[in-house]
Amino acid sequence: MKNFCFFLAGILLMFNTLVHADNIQKYNILSKPVYIDSSKKPQVLEFFSFFCPHCYELESLYHVKDTIKKNLSKDVKIKRYHVDFIGDDLGPIATHAWAIAMVLGIEDKIILNIFDDVQKKNIITDPESLKQAFIKAASISSKDYDTAWDSFIVKALVAQQQKATLDIDLKGVPIFLVNGKYMINNHAINVTNVNHIANNYAKVAKFLIKKK
């Protein structure tokens, strides 16, 4: 696979990176901000893929998104965008399915189930198996899925995710973008203690939310 995920677990083996992690710039500033919506309110936007093993780790093992959410005020918007460029032909299909989840407001309900089916059970191999996994996790009918798939609002969200990925010129995931312009540097996150990984991400996110 030409495209790749940031190998978060591999950082544990990079001793020099670990030693100097606290001295590395915690974030990069985008020249072209990317916002969830036109309000430009405080926000955290995560880019991920169901086909990225380390996105799966952040969700299933470290619970990074939930930890970030707990450490920020309730007025901070937190969203996830799926990327097309991992998963070969299934990448764009998964992005479309994720748009359905966003429209239905069931992201948290389905995300770990889909991750498990892709990464652990290996039962999602084509658009139909992805659809079946989705409707089972979401507790919706096949007809509801198809109707949502063809809806204007879902297609608009697909385009929005794809545009954001292109605007940032994203090459890998996971990525966390704070307030539209501050991209957390994964390599600056101290991972010497795996129990603190989520809190270390949350600390940087909290700092950047307050940054002008």
Side-chain angles (χ1 to χ4, degrees), residues 3 6 25-50 52 55 58-59 63-87 91-111 114 134 138 140 144-186 188-189 198 201-212:
N3 296 301
F6 287 120
Q25 178 74 11
K26 302 294 185 185
Y27 60 93
N28 299 312
I29 303 176
L30 298 183
S31 58
K32 182 179 180 181
V34 172
Y35 298 102
I36 295 172
D37 55 39
S38 59
S39 70
K40 300 182 182 179
K41 291 182 178 180
Q43 58 189 258
V44 176
L45 177 57
E46 177 188 355
F47 291 86
F48 82 103
S49 169
F50 286 118
C52 163
C55 298
L58 293 192
E59 178 65 21
H63 312 292
V64 171
K65 182 258 186 181
D66 289 342
T67 304
I68 289 175
K69 185 176 181 178
K70 290 176 182 176
N71 281 271
L72 299 178
S73 60
K74 292 182 179 180
D75 65 328
V76 176
K77 291 187 175 182
I78 300 178
K79 282 286 185 182
R80 283 171 162 145
Y81 282 175
H82 193 274
V83 300
D84 284 357
F85 55 76
I86 302 173
I93 303 297
T95 298
H96 204 125
W98 185 248
I100 294 175
M102 286 195 286
V103 168
L104 297 180
I106 56 171
E107 300 101 306
D108 291 340
K109 184 176 181 179
I110 65 106
I111 188 168
I114 302 298
F134 187 101
I140 63 173
D144 289 339
Y145 181 92
D146 292 339
T147 298
W149 182 278
D150 292 327
S151 69
F152 172 80
I153 189 170
V154 164
K155 290 179 179 179
L157 271 176
V158 171
Q160 187 172 320
Q161 292 175 90
Q162 293 169 335
K163 183 177 185 302
T165 301
L166 290 173
D167 286 346
I168 300 175
D169 192 25
L170 205 58
K171 304 298 184 185
V173 288
I175 284 294
F176 292 88
L177 187 62
V178 181
N179 285 348
K181 59 182 177 180
Y182 302 116
M183 184 183 292
I184 294 179
N185 181 4
N186 290 318
I189 299 298
Y201 269 102
K203 287 178 183 177
V204 179
K206 189 173 184 178
F207 166 75
L208 292 174
I209 281 291
K210 299 176 181 178
K211 189 174 177 63
K212 299 297 185 180

State whether the number of non-hydrogen atoms from other residues, nucleotides or ligands found under 6.0 Å of Lys77 atom NZ is greater than 12. yes

Please name the pair of heavy atoms, one in Ile168 and one in Met183, separated by the smallest distance, quoted to 0.1 Å. CG2-CE, 3.3 Å

Test item: Asn179 side-chain N/O and Gln43 main-chain N/O as donor-acceptor pair under 3.5 Å: yes

Supply the atom-to-atom distance Lys41 NZ to Asp75 CG, rounded to the nearest 0.5 angstrom. 8.0 Å

Donor-acceptor pair, side chain of His82 and main chain of Phe50, under 3.5 angstrom: yes

Correct closest heavy-atom pair for Leu30 and Gly180 would be CD1-O, 3.8 Å

Any non-hydrogen side-chain atom of Val154 less than 4.5 Å from a side-chain atom of Trp149? no

Can you tell if the side chain of Trp98 reaches within under 4.5 Å of the side chain of Ile114, non-hydrogen atoms only? no

Taking all heavy atoms of Pro33 and all of Ser31, pick out the closest pair and write down the distance. CD-O, 3.7 Å

Is it the case that over 12 heavy atoms from other parts of the model lie below 6.0 angstrom from the CG atom of Leu166? yes

Less than 4.5 Å apart, side chain to side chain, heavy atoms only: is that true for Val64 and Phe176? yes

Are the side chains of Gln161 and Val83 in contact, using a 4.5 Å heavy-atom criterion? no

Passing candidate, side chain to side chain contact (heavy atoms under 4.5 Å, CB included) with Val178, options Ile184, Leu45, Ile68: Ile184

With a 4.5 Å limit on heavy-atom distance, are the side chains of Asn71 and Tyr201 in contact? no

Side-chain (Lys109) to main-chain (Ala138) donor-acceptor, under 3.5 angstrom: yes

Heavy-atom closest contact (Ile86 atom, Ser49 atom, distance): CB-OG, 3.7 Å

From Lys40 NZ over to Lys181 NZ, what is the distance, rounded to the nearest 0.5 angstrom? 10.0 Å

Find the distance between NZ (Lys206) and CG (Leu208) and round it off to the nearest 0.5 Å. 13.0 Å

Can you tell me how far CE of Met102 sits from CG of Leu157, rounded to the nearest 0.5 angstrom? 4.5 Å

Using the rule given for salt bridge (charged side-chain N to carboxylate O under 4.0 Å, His left out), can you reason through Glu107 versus Lys65, listing the C-alpha separation, both sets of side-chain angles and the distance that settles it, and then say yes or no? CA-CA 12 Å; Glu107 300 101 306; Lys65 182 258 186 181; over 6 Å; no

Can you say whether the rings of Phe47 and Tyr81 are parallel (under 30°), tilted (30 to 60°) or perpendicular (over 60°)? perpendicular

Does any part of the side chain of Leu58, heavy atoms only, come nearer than 4.5 Å to the side chain of Phe48, both counted from C-beta? no

Less than 3.5 Å apart, any donor N or O on the side chain of Gln162 or Asp84 sitting next to an acceptor on the other? yes

Over all atoms of both residues, closest heavy-atom pair of Ile175 and Leu170: CG1-CD1, 3.7 Å

Measure the spacing between CG of Asp144 and CZ of Phe134 and express it to the nearest 0.5 Å. 10.5 Å

Verify, without hydrogens or angle tests, whether Glu59 (side chain) and Cys55 (backbone) share a donor-acceptor contact under 3.5 angstrom. no

How close do Ala97 and Tyr145 get, heavy atom to heavy atom, and via which atoms? CB-OH, 3.9 Å

Looking at side-chain heavy atoms only, is the closest gap between Phe207 and Lys26 below 4.5 Å? no

Test log, rule side chain to side chain contact (heavy atoms under 4.5 Å, CB included), inputs Lys79 and Leu177: CA-CA 10 Å; Lys79 282 286 185 182; Leu177 187 62; over 6 Å; no

Which value, rounded to the nearest 0.5 Å, describes the distance between Ile110 atom CD1 and Leu104 atom CG? 9.5 Å

Can you check whether Val158's main-chain N or O pairs, donor with acceptor, with His96's side chain at less than 3.5 Å? no

Check for a donor-acceptor pair, side chain of Gln160 on one end and backbone N or O of Ile36 on the other, with a separation under 3.5 Å. yes

